[in-house]
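The structure under discussion appears below in the form of structure tokens.
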Number of protein chains: 2
Amino acid sequence: MTKIDERFYTVPELAGDLGITPRTIRFYEQKGLLNPQRAGTTRVYTRQDRAKLLLILRGKRLGFSLKEIADYLDLYGADPTQAEQIKMLLERVRERISDLEEQRQALDVTLDELREIEHQSVDALKEKGLDPAP
Amino acid sequence: MTKIDERFYTVPELAGDLGITPRTIRFYEQKGLLNPQRAGTTRVYTRQDRAKLLLILRGKRLGFSLKEIADYLDLYGADPTQAEQIKMLLERVRERISDLEEQRQALDVTLDELREIEHQSVDALKEKGLDPAP
DNA sequence: AATATAAGTGACGTTAACGTAAATTAATTG
DNA sequence: CAATTAATTTACGTTAACGTCACTTATATT
């Protein structure tokens, strides 16, 4: 048993697969988010590395900063039970949710104000006998 | 008649009133959004200038870039009928509305995904006999 | 006039997340 | 082994909207 699946990836390969640029992957490493092995100078990524990169991209999509993602990943592997990791994740996720809910509120307020301006503009143009092209 | 209300403002005064810093006001001028008169080297703002600044701040609140605001303000005074100005405003406002509505959609999708993660995290902690502190 | 206060100026710094270009090194292929 | 291709490194650039700091100039007060 434990015949491990030995599929390796290179930077351009991962970049192509995941729709990002090589520069981005190296940038993440520079920021401490990835630590691939090397074959000479060439980076070699395992499937775990790839999974980690996917986690990073997901975090980004969800609006976390690279710093936050890095903090989270630091618990990765340093926590056998993963309980701390999950707790921290939960905390951040809840923070993020509340941020976004706030943003949503603000966005709705802004939308209302913009619609009001739209309305007024249309009225003003009508009074000049012009067509606002709705 | 036409006894004009001659109230003038200075940079720090406006800044204090409007809750921004003097540097910001000078920055706006540097970007061509304001053109106050001078008494020697000191900037002197009329009530019109103040109104213009309020317009700028409102535009910012609504999410327009300084560039967009500048473009808009350029029509100010260069358009006797103001029809063009209103048309352009309407166009930008509609663009902005549609941007924001899109953002709102994306935000809702993100929120859903985050809530899903929250849910999973809570479950995972429960299985370890830990309290997720809801 | 000397000092103090206020206003202005110019240059540079900040933040985030990379992009770009040029120069190097390494690996592969004929 | 020479040439090509691939990967890396290094350094600097980008964007937006200002903030900071160190001076310099101007006005006001004593």
Take atom [atom1] of [X] and atom [atom2] of [N], then tell me their distance rounded to the nearest Å.
X     : N      : atom1 : atom2 : answer
B:E29 : C:dG8  : CD    : P     : 9 Å
A:L34 : D:dT8  : CG    : P     : 13 Å
A:F27 : C:dT15 : CZ    : P     : 13 Å
B:Q30 : D:dA16 : CD    : P     : 15 Å
A:R61 : C:dA17 : CZ    : P     : 16 Å
A:L66 : C:dC18 : CG    : C1'   : 9 Å
A:R43 : C:dA27 : CZ    : C1'   : 16 Å
A:I56 : C:dA17 : CD1   : P     : 12 Å

SB check B:K52 B:D49 (cutoff 4.0 Å):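 Judged by the 4.0 Å cut-off on N to carboxylate O distance, B:K52 and B:D49 do not form a salt bridge.
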
Do A:R115 and A:L111 have side-chain heavy atoms sitting under 4.5 Å apart?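 The answer is yes, as the side chains (C-beta and beyond) meet within the 4.5 Å cut-off.
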
Taking the side chain as every heavy atom from C-beta outward, state whether A:Y45 and A:I25 have any atom pair closer than 4.5 Å.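 They are in contact (side-chain heavy atoms under 4.5 Å apart), so the answer is yes.
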
Both B:E13 and B:R23 contact DNA chain C. Which one's nearest nucleotide lies toward the 5' end? B:E13

Look at [X] and [N] and indicate whether a side-chain polar atom (N or O) is within less than 4.0 Å of OP1 or OP2.
X     : N      : value
B:T21 : D:dG19 : yes
B:S65 : D:dA16 : no
B:T24 : D:dG19 : yes
A:R38 : D:dT9  : yes
B:T42 : C:dA6  : no
A:Y28 : C:dC18 : yes

Are a donor atom and an acceptor atom from the side chains of B:Q105 and B:E101 found within less than 3.5 Å of each other? no

Nearest-nucleotide 5' precedence on DNA chain D, B:K60 against B:G40: B:K60

Using the closest heavy atom to pick a nucleotide of DNA chain D for each, name whichever of A:Y45 or B:F64 lands nearer the 5' end.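 Counting from the 5' end, the first nearest nucleotide belongs to A:Y45.
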
Scan B:P22 against the nucleic acid and name what it touches under 4.0 Å (heavy atoms): base, sugar-phosphate only, or nothing. nothing

Could you tell me whether A:Q37 atom CD has more than 12 heavy atoms of other residues or ligands within 6.0 Å of it? no

